[in-house]
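Just the heavy atoms: all of them, side chains too, but no hydrogens, waters or symmetry mates, feed the values below. Keep in mind that what you see is a predicted model, and the values were worked out from it rather than measured.
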There are 2 protein chains.
Amino acid sequence: MGLAKSELFTSNQNQIALFAKVFGHPARVAILQHLFKINSCVCGDLVNEIGLAQPTISQHLRELKSLKLIKGTIEGTSVCYCIDHDEWIVMKGIIKNFLNMDTNSNSNCC
Amino acid sequence: MGLAKSELFTSNQNQIALFAKVFGHPARVAILQHLFKINSCVCGDLVNEIGLAQPTISQHLRELKSLKLIKGTIEGTSVCYCIDHDEWIVMKGIIKNFLNMDTNSNSNCC
DNA sequence: TTTATTAATCGTAATATTGCAATAGACAAA
DNA sequence: TTTGTCTATTGCAATATTACGATTAATAAA
């Protein structure tokens, strides 16, 4: 089928999965790391930075944008991308809450 | 192509993506949450807990097992699954390190 | 041994993802 | 206007993912 049965799960579970999915490709991880590293906008050189073709980078940027993790503003001919810090904080809260499940558990079997 | 060009990225970027990918489906999120919630092994009732068919659950369990996030031990006819706490800690460190990128940055544009 | 139970595997259909060439669209510069 | 630059979109091929029916394998119970 290739299609997740999202109606079976809570909105929290679906939200975690959506954020995780966008981090599930190394190119998108690399794009985000680069944006944080230069600590400002990047206008165009992501294609040189990462080794993928321009349409491929554009596609990955669109997925990051659809989750509002980055925002792009047009700057002449080029487009300036940067992290959306507010949404990053929101996402971080949701994912960290998921990752911290183990703090309340002490393995008493296996 | 459907195949990520992992050779373009660092092993850290690929590792983040691999862990994130396994969290990128709500069924696997739900399985992990259930295992943490009952705070012990679960023998069989995951199929009833989640609303997916038995082969589908088995497939998701195999993916979690392949990343060593869970381990399964045979217990008579059934199999007993539980969290691998050591590997969970390792994964948590890698993902949190990625999520905490924003602590060193102060958005000076956009 | 026969039967039941449980979970993994196989096979397959439907859909999603990844990647890129070709193209289009928008703007700047000449 | 024409030309060049940059990015998005389209279209497509290759591969991956999701889901499940059917089957198999292993053990337990009768």
Side-chain angles (χ1 to χ4, degrees), chain A residues 1-9 13-14 16-31 34-35 41-67 70-82 110, chain B residues 1-9 13-14 16-31 34-35 41-67 70-82 110:
Chain A
M1 306 234 155
L3 174 59
K5 286 194 156 182
S6 55
E7 72 277 7
L8 292 177
F9 307 100
Q13 287 164 341
N14 282 311
I16 291 166
L18 276 180
F19 279 126
K21 206 173 187 179
V22 89
F23 298 144
H25 193 292
R28 294 189 289 264
V29 171
I31 288 171
H34 185 66
L35 287 176
C41 294
V42 73
C43 299
D45 55 14
L46 275 170
V47 175
N48 304 325
E49 192 67 29
I50 324 262
L52 293 168
Q54 181 268 323
T56 308
I57 295 293
S58 187
Q59 204 170 324
H60 285 306
L61 288 169
R62 185 166 55 180
E63 287 175 67
L64 289 167
K65 218 168 16 175
S66 77
L67 287 191
I70 64 172
K71 44 190 174 180
T73 47
I74 297 169
E75 196 99 357
T77 353
S78 60
V79 177
C80 175
Y81 284 104
C82 62
C110 297
Chain B
M1 305 235 152
L3 175 60
K5 286 194 156 183
S6 56
E7 72 277 8
L8 292 176
F9 307 100
Q13 288 165 339
N14 282 311
I16 292 166
L18 276 180
F19 279 126
K21 204 175 189 179
V22 89
F23 298 143
H25 193 292
R28 292 189 289 263
V29 171
I31 289 170
H34 185 67
L35 287 176
C41 293
V42 73
C43 299
D45 56 18
L46 276 169
V47 175
N48 303 324
E49 193 67 28
I50 324 262
L52 292 167
Q54 179 267 322
T56 310
I57 297 293
S58 188
Q59 204 170 323
H60 285 306
L61 288 170
R62 185 168 55 179
E63 287 176 67
L64 290 168
K65 220 170 11 176
S66 77
L67 288 190
I70 64 173
K71 45 190 173 182
T73 47
I74 298 170
E75 195 101 358
T77 3
S78 60
V79 177
C80 176
Y81 283 104
C82 63
C110 297

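Using a 4.0 Å heavy-atom criterion, one finds that A:Ile57 contacts no nucleic acid atom at all. Using a 4.0 Å heavy-atom distance criterion, A:Thr56 is classed as a base contact.
For the helix from C:dT1-D:dA30 to C:dA30-D:dT1, the terminal axes (five pairs an end, C1' atoms, rotation from four pairs onto the next four) enclose an angle of 10°, given to 10 degrees.
Here the shortest heavy-atom pairing between A:Lys65 and A:Ile70 reads CG-O, 3.6 Å. When every heavy atom of B:Asn14 is checked against every heavy atom of B:Phe9, the shortest pair comes out as ND2-O, 3.5 Å. Considering all non-hydrogen atoms of both residues, B:Glu75 and B:Cys80 come closest at OE1-CB, 4.2 Å. What you find for A:Gly24 and B:Ala20 is that their closest heavy atoms are N-CB, 3.8 Å.
Contacts of residues 58-65 of chain B with DNA chain D (heavy atom under 4.0 Å): B:Gln59, B:His60, B:Glu63. Contacts between residues 17-28 of chain A and DNA chain C, defined by a heavy-atom separation below 4.0 Å, involve A:Lys21, A:His25, A:Arg28, listed by number.
When rounded to the nearest whole Å, the span between CG of B:Asn48 and P of C:dT5 equals 14 Å. Residue B:Glu75 contributes atom CD, which lies 15 Å from atom C1' of C:dT5 at whole-angstrom precision. Between A:Asp45 atom CG and D:dT7 atom P the separation is 9 Å, expressed in whole Å. Nucleotide C:dA7 holds its P atom 14 Å from the CD1 atom of B:Ile50, rounded to whole Å.
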Quick test: give all pairs of protein nitrogen or oxygen and nucleotides 12-15 of chain C nitrogen or oxygen below 3.5 Å, distance rounded to 0.1 Å.
from   : atom 1 : to     : atom 2 : distance (Å)
C:dA13 : N1     : A:Met1 : N      : 3.3
C:dA13 : N3     : A:Met1 : N      : 3.3
C:dA14 : N3     : A:Met1 : N      : 2.8
C:dA14 : N3     : A:Met1 : O      : 2.7
C:dA14 : N3     : A:Gly2 : N      : 3.2
C:dT15 : O4'    : A:Met1 : O      : 2.4

Protein-proximity profile, nucleotides 22-30 of chain D, B/S/- by nucleotide at the 4.0 Å heavy-atom cutoff, equals B---BBS--

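In this structure the side chain of A:Leu61 reaches within 4.5 angstrom of the side chain of A:Tyr81, judged on heavy atoms. Taking the side chain as every heavy atom from C-beta outward, B:Ser58 and B:Arg62 never approach each other to under 4.5 Å. Here the side chains of B:Ile50 and A:Lys5 are not in contact, with every heavy-atom distance at 4.5 Å or above.
When distances run from any side-chain atom of B:Lys5 to the nucleotides C:dT6, C:dA8, C:dC20, the shortest one goes to C:dC20. In the set C:dC20, C:dA8, D:dC6, the nucleotide with an atom closest to the side chain of A:Leu52 is C:dC20.
To the nearest 0.5 Å, atoms NE2 (A:His25) and CG (B:Leu18) are separated by 11.0 Å. With rounding to the nearest 0.5 angstrom, the CG atom of B:Leu52 is 8.0 Å from the CD1 atom of B:Ile31.
An OP1 or OP2 oxygen of C:dT6 is reached within less than 4.0 angstrom by no side-chain nitrogen or oxygen of B:Tyr81.
Listed by first and then second residue, the salt bridge (charged side-chain N to carboxylate O under 4.0 Å, His left out) pairs involving residues 16-29 of chain A are A:Arg28-A:Glu63 (not counting sequence neighbours).
Annotation: A:Ile74, atom CD1; neighbour count of heavy atoms from other residues, nucleotides and ligands within 6.0 Å does not exceed 12.
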